[in-house]
Number of protein chains: 2
Amino acid sequence: MNPPGGRTPVMADVARLAGVSHQTVSRVINGHPNVREETVLRVRRAIEELGYHRNSTARALVTRRTNVLGVIAFDTTLFGPAQTLSGIERAAREAGYFVSIVSLDDVSPDGIVAAAEYLIQQSVEGCVAIAPQRSLVEALADLPGPRPLVAVEGGEGSGLPVVCVDQTQGAREAVRHLLDLGHTTVHHVEGDPLWLESEARAVGWRGALEQAGAPVPEPLQGDWSPRSGYDLGRRLVARRAAGERVTAIFVSNDQMAIGVLRALHEAGLNVPGDVSVVGFDDVPEAEFLTPSLTTVFQDFAQVGKESLALLLGQIGTGREGAAPPAGGVRRVVPARLRVRGSSGPPPP
Amino acid sequence: MNPPGGRTPVMADVARLAGVSHQTVSRVINGHPNVREETVLRVRRAIEELGYHRNSTARALVTRRTNVLGVIAFDTTLFGPAQTLSGIERAAREAGYFVSIVSLDDVSPDGIVAAAEYLIQQSVEGCVAIAPQRSLVEALADLPGPRPLVAVEGGEGSGLPVVCVDQTQGAREAVRHLLDLGHTTVHHVEGDPLWLESEARAVGWRGALEQAGAPVPEPLQGDWSPRSGYDLGRRLVARRAAGERVTAIFVSNDQMAIGVLRALHEAGLNVPGDVSVVGFDDVPEAEFLTPSLTTVFQDFAQVGKESLALLLGQIGTGREGAAPPAGGVRRVVPARLRVRGSSGPPPP
DNA sequence: GGCAACAGTGTTAACGCTCACATGGCAGAT
DNA sequence: ATCTGCCATGTGAGCGTTAACACTGTTGCC
């Protein structure tokens with residue numbers, strides 16, 4: 001490169017080459033209006049020639065804006081979080097922000113503190129927490145962590161602004177769909193009991209049953225994994241063998257539903273002939289399982305977009321010194337039932 | 001807060017409160033050895049009291065190290081990339097680096113240039129590209145993008161250091177497994193033809209057939225989606241109906257394999273009785289499909305770890321001014337066949 | 001007793017940028 | 001001719017930190 005000493009070029013190098021002051025270079029870079037056309041061109045050429053790039057660190061130091069947003073996530077390999085993260089990342093880039101992520105290995109308070117510390121260290125301007133667990137949301141709400149902070153799927157009452165899918169409504173629709181088909185009740189395989197989504201879906205399930213005056217069977221607790229679905233599916237098969245009437249199962253996510261389907265199949269039970277199964281998430285393969293899986297779709301991309309919008313709103317108001325929107329900001333994205341082949345009328 | 005004016009406290013504020021110079025504060029923060037125990041304590045107390053956090057921007061400016069690594073990814077919602085990203089993130093955090101991600105919406109040259117630009121803007125110290133497509137790798141290798149740069153799954157010949165799973169070996173083992181079971185040949189459903197993984201697996205498939213002297217049927221081109229698997233599965237069913245002997249199918253990923261299974265099922269064909277199916281990826285649900293899916297496991301966590309190690313190595317050598325490791329650095333992580341229920345001997 | 005070595009601390013100068021203000025020129029109004 | 005105002009540009013300070021060096025006082029050794 002051209003600049004003396006082979007350093008990476010700085011603004012002063014560009015200025016020298018273009019025959020202007022460093023301030024004029026700055027003006028050109030930032031699109032300041034009052035620069036003569038010809039000067040702009042000359043500076044641009046110099047920038048090109050030197051391969052100059054603005055040092056974002058120096059800029060951040062003086063403007064006090066890092067242009068970095070943080071994302072705290074729990075398990076980004078799961079379908080939902082991965083989708084949400086992707087949505088956030090896209091929206092952030094469009095808004096001119098960088099995204100720095102930290103994924104937690106476990107929800108221990110220590111881990112959360114460390115993550116919060118980590119993001120503060122990095123001087124993020126704001127943060128989205130994909131925080132599907134009550135303990136995590138609460139810890140984040142109380143901690144002196146990065147602010148502003150928006151929670152995705154965080155339950156109510158934490159005081160944090162929240163964006164979430166209406167899990168309860170989705171679950172209710174799923175269960176109502178099964179009841180409408182003629183089932184006298186619906187069994188439930190829950191997700192990881194620590195997750196808010198699991199809780200909210202269970203609430204929806206129970207609500208729909210109670211509203212219909214249907215009996216509420218004991219739910220089974222899984223952990224989202226296909227294996228737990230399989231194990232609990234076998235449990236349900238055993239209950240059935242013991243005389244309990246199990247004709248419909250609402251499973252809290254699609255992966256577990258796959259395990260349940262497997263257990264039913266092994267027991268020689270037909271889906272939906274003997275037992276109907278409904279999942280949650282609408283993973284891409286749901287449609288192509290055998291039978292294709294009735295499930296509940298969540299618009300994660302929308303969740304990502306909304307949470308970023310909320311966060312940017314907070315950053316904006318924060319900067320203008322206005323009062324942050326009063327405690328209970330909450331945006332809810334609706335869920336949609338997708339009826340497919342795994343649900344049908346009960347056997348006679 | 002205590003510091004005058006309600007600003008966020010800076011080092012000088014801490015220094016004043018502790019009755020030392022700002023440099024001593026800096027020493028305490030950075031764990032410099034030559035500070036009296038009692039002074040350390042006093043400074044720590046002052047830090048605590050003021051809620052002081054080091055300004056990472058100022059630090060980065062003077063040390064010329066941002067402590068940020070970039071990750072360029074293509075589609076982080078797919079199983080492989082999501083896993084790899086997670087592995088990278090974890091390894092980076094352990095090494096004391098922040099991770100900034102940018103995911104490409106498409107592989108257009110423009111998009112790539114924009115992503116490269118974006119990361120340079122952010123002054124990343126290095127970058128991992130989860131770049132599964134030839135065009136992407138080549139564009140990145142040629143572009144004046146962020147450096148050092150490590151490619152994950154990038155093919156050979158780009159000159160970039162590469163970490164990848166041995167796709168070809170995995171595919172070869174899968175096909176050999178089917179041939180060993182007695183199949184006279186193995187059909188192949190390819191992934192997205194633009195992806196290197198797809199290419200490498202096809203190479204392994206063809207190689208194994210040729211080595212065994214088996215005929216090489218025309219492969220079918222998919223796009224990784226369950227739907228394409230389904231469509232191509234129906235195509236194979238049609239070929240079978242037309243008299244072609246199709247008893248074993250090697251599918252380039254598990255999602256498509258699910259679609260193929262569905263198509264076979266719809267045609268009344270039994271797996272593995274009539275047709276054997278082998279996938280690739282070993283997604284968590286593979287074991288719980290009906291039948292459980294024989295597939296090839298890839299250790300993505302390992303890939304993430306290795307790529308980060310490679311990148312850190314480059315950053316290290318770069319800093320010490322040593323020559324970068326000669327062109328062809330390439331770390332290969334082995335793939336492992338997981339035999340399950342979807343593969344068996346051919347019908348008589 | 002004198003001198004080197006070192007621990008413990010302070011002083012000053014960068015790092016590369018933007019902001020606030022200063023300057024000079026030229027148009028139009030007075 | 002003088003003033004006002006705006007355009008185009010330059011000058012200087014400062015953002016908060018670390019690095020280099022300078023300065024004390026104590027210890028150890030000949």
Side-chain angles (χ1 to χ4, degrees), chain A residues 1 3-44 46-47 50-68 120-123 125 319, chain B residues 1 3-44 46-47 50-68 120-123 125 319:
Chain A
M1 288 290 172
R7 298 171 290 99
T8 66
V10 300
M11 217 171 237
D13 297 317
V14 176
R16 207 169 306 126
L17 182 61
V20 296
S21 73
H22 61 128
Q23 177 60 5
T24 298
V25 176
S26 172
R27 289 197 180 96
V28 170
I29 288 178
N30 295 311
H32 191 96
N34 291 345
V35 183
R36 212 175 356 139
E37 181 97 13
E38 192 226 307
T39 312
V40 172
L41 254 53
R42 225 168 50 234
V43 170
R44 288 246 173 79
I47 288 176
L50 294 174
Y52 168 77
H53 286 280
R54 167 167 64 195
N55 181 320
S56 61
T57 306
R59 168 172 228 242
L61 180 59
V62 65
T63 58
R64 292 141 180 285
R65 299 200 40 196
T66 54
N67 262 281
V68 176
I120 289 181
Q121 284 294 324
Q122 210 188 349
S123 320
E125 285 187 44
R319 193 167 292 141
Chain B
M1 289 287 173
R7 299 173 288 99
T8 67
V10 300
M11 219 174 238
D13 297 318
V14 177
R16 207 169 307 125
L17 182 61
V20 295
S21 74
H22 63 127
Q23 176 63 345
T24 297
V25 177
S26 173
R27 288 196 181 98
V28 170
I29 288 179
N30 294 311
H32 191 94
N34 291 344
V35 184
R36 209 173 1 138
E37 181 96 12
E38 193 226 304
T39 312
V40 172
L41 255 50
R42 224 168 51 234
V43 170
R44 289 247 173 79
I47 288 176
L50 295 175
Y52 168 78
H53 286 279
R54 167 167 64 197
N55 182 321
S56 61
T57 307
R59 168 172 229 239
L61 179 59
V62 65
T63 58
R64 292 144 177 286
R65 298 199 41 195
T66 55
N67 261 280
V68 176
I120 288 182
Q121 283 293 326
Q122 209 188 353
S123 321
E125 285 187 44
R319 192 166 294 138

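A note on names: the letters A, B, ... follow the listed sequences, proteins ahead of strands, and every chain is numbered from 1. Predicted model only: the values in this text are computed from it and were never measured.
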Quiz prompt | Rounded distance in Å - CG (B/Leu50) to P (D/dG16) | solution = 14 Å
Quiz item: Taking OP1 and OP2 of C/dA7, is either one under 4.0 Å from a side-chain nitrogen or oxygen of B/Arg36?
Solution: no
Practice problem: Round to the nearest Å and state the distance from A/Glu37 atom CD to D/dT9 atom C1'. | Solution: 16 Å
Quiz item: Could you walk me through whether A/Ile47 and A/Ile29 pass the side-chain contact (heavy atoms from CB on, under 4.5 Å) check?
Solution: CA-CA 10 Å; A/Ile47 288 176; A/Ile29 288 178; 4.1 Å; yes
Exercise. Note the angle between the end axes of the helix from C/dG1-D/dC30 to C/dT30-D/dA1, five pairs defining each, rounded to 10 degrees.
Key: 50°
Run the side-chain donor-acceptor check on residues 18-26 of chain A: report pairs under 3.5 Å with partners two or more places apart or on a different chain.
from, atom 1, to, atom 2, distance (Å)
A/Ser21, OG, A/Gln23, N, 3.4
A/Ser21, OG, A/Thr24, N, 3.4
A/Ser21, OG, A/Thr24, OG1, 3.4
A/Ser26, OG, A/Asn30, ND2, 3.4

Quiz item: Under the side chain to side chain donor-acceptor pair (under 3.5 Å) test, which residues partner B/Ser123, sequence neighbours left out?
Solution: A/Ser56
Practice problem: May I have the distance from A/His32 (atom NE2) to C/dA20 (atom C1'), rounded to whole angstrom? | Solution: 12 Å
Exercise. Output all residues satisfying side chain to side chain contact (heavy atoms under 4.5 Å, CB included) with B/Asn55, sequence neighbours left out; order by chain, then residue number.
Key: A/Leu61, B/Thr57, B/Ala58
Quiz item: To the nearest Å, how far apart are B/Asp13 CG and D/dG16 P?
Solution: 9 Å
Exercise. Any pair with a residue in residues 22-33 of chain A that passes salt bridge (Lys or Arg N to Asp or Glu O under 4.0 Å), sequence neighbours left out, goes on the list, sorted by first then second residue, please.
Key: none
Self-check item: side chain to side chain donor-acceptor pair (under 3.5 Å) involving B/Thr66 - partner list, sequence neighbours excluded
Solution: none
Pick out the pairs of N or O atoms, protein on one side and nucleotides 4-7 of chain D on the other, that lie under 3.5 Å.
none

Practice problem: Provide, to the nearest angstrom, the distance between the CZ atom belonging to A/Arg65 and the P atom belonging to D/dG16. | Solution: 16 Å
Quiz item: With B/Glu38, which residues qualify under salt bridge (Lys or Arg N to Asp or Glu O under 4.0 Å), at least two apart?
Solution: B/Arg36, B/Arg42
Practice problem: Run the numbers on B/Gln122 and A/Asn67 for side-chain contact (heavy atoms from CB on, under 4.5 Å), then give the verdict. | Solution: CA-CA 9 Å; B/Gln122 209 188 353; A/Asn67 262 281; over 6 Å; no
Quiz item: Of all residues at least two apart in sequence or in a different chain, which pass the side chain to side chain contact (heavy atoms under 4.5 Å, CB included) check with B/Val40?
Solution: B/Val28, B/Val35, B/Arg44
Quiz prompt | Base versus backbone protein contacts along nucleotides 10-18 of chain C [heavy-atom cut-off under 4.0 Å; B, S, -] | solution = BBB--BBSB
Quiz item: Listed by chain and number, what are the side chain to side chain contact (heavy atoms under 4.5 Å, CB included) partners of A/Ile120, not counting sequence neighbours?
Solution: A/Pro146, B/His53
Quiz item: Hey, what do you get for OG1 (A/Thr8) to CG (A/Asp13), rounding to the nearest 0.5 Å?
Solution: 8.5 Å
Quiz item: Looking for any heavy atom pair under 4.0 Å, which part of the strands does B/Thr39 touch: base, sugar-phosphate only, or nothing?
Solution: sugar-phosphate
